[in-house]
Amino acid sequence: MALSYCGGEEDLLLEIIGDIVNESSEISERMRKSLETGDIDAYRIDSHSIKGSMATIGLKDFSERAKKHEFAARDNDMNFINADAESFIEDYIKLCDKLSNIN
């Protein structure tokens with residue numbers, strides 16, 4: 001699916017995956033800091049970014065999870081965010097670690 005989203009261009013897909021992996025540490029750290037400082041808009045923006053990047057490479061389930069976080073931040077649903085944010089961030093890091101093994 002991811003390859004079809006990239007017009008069958010394997011090099012393009014690998015470049016996109018590389019970009020996602022390279023940005024993952026910065027995004028996850030920024031998300032944690034956003035939660036610590038109460039900057040929910042910044043958390044929303046990073047959740048939106050994850051949503052898009054995961055959709056681009058065909059990981060729809062994780063994209064949907066990121067969408068839930070994006071919309072919870074938009075709606076200031078701190079109960080949802082506080083209950084799932086750390087797990088979401090950890091799963092994002094693990095997923096990106098797995099993606100880093102794709103050559």
Side-chain angles (χ1 to χ4, degrees):
M1 183 178 294
L3 194 55
S4 69
Y5 290 161
C6 295
E9 300 282 334
E10 188 173 329
D11 289 340
L12 176 60
L13 176 58
L14 292 175
E15 182 179 332
I16 292 169
I17 290 171
D19 289 346
I20 291 168
V21 169
N22 290 336
E23 295 172 349
S24 63
S25 292
E26 181 181 331
I27 290 173
S28 59
E29 288 176 28
R30 197 169 53 225
M31 290 179 85
R32 285 182 171 133
K33 185 171 183 169
S34 298
L35 291 172
E36 287 174 16
T37 62
D39 190 349
I40 300 308
D41 196 48
Y43 183 86
R44 180 190 58 77
I45 291 167
D46 284 326
S47 296
H48 175 80
S49 176
I50 293 170
K51 176 185 76 174
S53 62
M54 295 298 116
T56 299
I57 60 172
L59 298 175
K60 291 185 177 191
D61 288 344
F62 205 83
S63 177
E64 284 297 316
R65 187 172 180 196
K67 180 180 177 180
K68 289 178 183 177
H69 280 267
E70 175 190 5
F71 284 18
R74 177 196 67 193
D75 298 339
N76 204 32
D77 183 354
M78 295 310 297
N79 288 331
F80 175 81
I81 292 171
N82 289 333
D84 193 52
E86 188 55 35
S87 174
F88 172 60
I89 294 168
E90 284 295 319
D91 289 347
Y92 170 65
I93 292 167
K94 289 175 188 173
L95 178 60
C96 289
D97 284 347
K98 288 179 184 177
L99 290 172
S100 70
N101 295 320
I102 297 175
N103 305 5

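For the single chain, residues carry numbers from 1 onward in sequence order. Heavy atoms only: backbone and side chains are in, while hydrogens, waters and symmetry mates are out.
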Q. Where is the tightest heavy-atom contact between Arg44 and Ala73, given as atom of each residue plus distance?
A. CB-CB, 3.5 Å
Q.
Quick check on the hydrophobic clustering: are Ile50 and Ile45 connected, directly or via other members, by side-chain heavy-atom contacts under 4.5 Å?
A. no
Q. Which is it for Ile102 and Leu13 under the side-chain contact (heavy atoms from CB on, under 4.5 Å) test, yes or no, and what are the steps along the way?
A. CA-CA 10 Å; Ile102 297 175; Leu13 176 58; over 6 Å; no
Q | From Asn76, Asp77, Asp75, residue fulfilling side chain to side chain contact (heavy atoms under 4.5 Å, CB included) relative to Ile40 | A | Asn76
Q) Does a side-chain heavy-atom distance below 4.5 Å link Ile81 with Met78? A) yes
Q | Pairwise side-chain contact, Lys68 with Asp84, heavy-atom cut-off 4.5 Å (strictly under) | A | no
(Q) Give me the atom names and distance for the closest heavy-atom approach of Asp97 to Ser100. (A) O-OG, 2.5 Å
(Q) Could you check whether any side-chain heavy atom of Arg65 comes within less than 4.5 Å of a side-chain heavy atom of Ser87, counting everything from C-beta outward? (A) yes
Enumerate donor-acceptor pairs with a distance under 3.5 Å from any side-chain N or O in residues 21-31 to protein atoms, sequence neighbours excluded.
| from | atom 1 | to | atom 2 | distance (Å) |
| --- | --- | --- | --- | --- |
| Asn22 | ND2 | Gly18 | O | 3.1 |
| Ser24 | OG | Val21 | O | 2.7 |
| Glu26 | OE2 | Arg30 | NH1 | 2.9 |
| Ser28 | OG | Ser24 | O | 3.0 |
| Ser28 | OG | Ser25 | O | 3.0 |
| Arg30 | NE | Asp46 | OD1 | 3.2 |
| Arg30 | NE | Asp46 | OD2 | 3.0 |
| Arg30 | NH2 | Asp46 | OD1 | 2.6 |

Q.
My understanding is that only residues two or more places apart in sequence, or in another chain, count here; which of them pass side-chain contact (heavy atoms from CB on, under 4.5 Å) with Thr56?
A. Ile16
(Q) Please report the interatomic distance CG(Asp91) to CD(Glu86), rounded to the nearest 0.5 Å. (A) 10.0 Å
Q: Return the orientation label for the Phe80 and His69 ring planes: parallel under 30°, perpendicular over 60°, tilted otherwise.
A: tilted
**Q.** Pairwise side-chain contact, Leu35 with Ile89, heavy-atom cut-off 4.5 Å (strictly under)
**A.** yes
Q | Heavy-atom pair of closest approach, residues Tyr43 and Phe88 | A | OH-CD2, 3.8 Å
Q.
Less than 4.5 Å apart, side chain to side chain, heavy atoms only: is that true for Ile20 and Met54?
A. yes
